[in-house]
Amino acid sequence: MSVRDLPPARELTEYQRRGWSCVWCHAVLDATRAVDLGQQRVKPDEGAAYSWFPRACADKAGCAEREAAK
């Protein structure tokens, strides 16, 4: 699997930060259609640090098509 930098958490929707939708194409995910990208920690300039739980589509080709169509 190729490594791709995750987008900054501040640029994502709540659904993307919680792993409910893909960080790249915004597709709704479930346990069979997702790849866990691991727990991430963010320390914003202001406020408390927090964890977020990104996931991506298991179907990389479909994800790339949806992302390109945005």
Side-chain angles (χ1 to χ4, degrees):
M1 176 159 88
S2 64
V3 176
R4 184 174 177 186
D5 289 336
L6 291 171
R10 69 182 174 278
E11 295 178 5
L12 302 176
T13 67
E14 179 181 358
Y15 286 172
Q16 289 172 300
R17 288 190 306 268
R18 292 179 180 261
W20 298 337
S21 63
C22 177
V23 294
W24 308 118
C25 73
H26 302 267
V28 175
L29 300 172
D30 63 28
T32 63
R33 296 184 293 172
V35 175
D36 185 359
L37 302 177
Q39 179 179 345
Q40 306 293 313
R41 289 287 291 169
V42 173
K43 181 159 184 355
D45 293 336
E46 296 182 16
Y50 62 92
S51 295
W52 62 293
F53 304 88
R55 297 194 307 167
C57 296
D59 174 15
K60 290 182 186 180
C63 183
E65 287 178 21
R66 287 185 295 277
E67 187 179 9
K70 286 194 292 181

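- Summarising the geometry of Asp59 relative to Gly62, their closest heavy-atom pair is OD1-N, 3.1 Å, with the distance given to 0.1 Å.
- Using a 4.5 Å heavy-atom threshold, the side chains of Pro7 and Gln16 count as separate.
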Taking distance alone, no hydrogens or angles, what donor-acceptor pairs closer than 3.5 Å link side-chain atoms of residues 46-55 to residues at least two apart or in another chain?
from: Ser51; atom 1: OG; to: Gln39; atom 2: NE2; distance (Å): 2.7
from: Ser51; atom 1: OG; to: Arg41; atom 2: NH1; distance (Å): 3.0
from: Arg55; atom 1: NE; to: Gly19; atom 2: O; distance (Å): 2.7
from: Arg55; atom 1: NH2; to: Gly19; atom 2: O; distance (Å): 2.9

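- Applying the salt bridge (Lys or Arg N to Asp or Glu O under 4.0 Å) test to Asp45 and every residue at least two apart in sequence or in another chain returns nothing.
- Arg18 is linked by a side-chain hydrogen bond (donor to acceptor under 3.5 Å, both in side chains) to Glu14, counting only residues two or more places apart in sequence or in another chain.
- The other residues sharing a hydrophobic cluster with Trp20 are Tyr15, where clustering joins ILVMFWY side chains under 4.5 Å apart.
- Atom SG of residue Cys57 and atom CZ of residue Arg66 lie 4.5 Å apart, to the nearest 0.5 angstrom.
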Per-pair distances, 0.1 Å, donor-acceptor, side chain in residues 27-34, under 3.5 Å, sequence neighbours excluded:
from: Asp30; atom 1: OD1; to: Thr32; atom 2: N; distance (Å): 2.9
from: Asp30; atom 1: OD1; to: Thr32; atom 2: OG1; distance (Å): 2.8
from: Asp30; atom 1: OD1; to: Arg33; atom 2: N; distance (Å): 3.0
from: Asp30; atom 1: OD2; to: Arg33; atom 2: NE; distance (Å): 3.4

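- With sequence neighbours left out, the salt bridge (Lys or Arg N to Asp or Glu O under 4.0 Å) criterion links Glu65 to no other residue.
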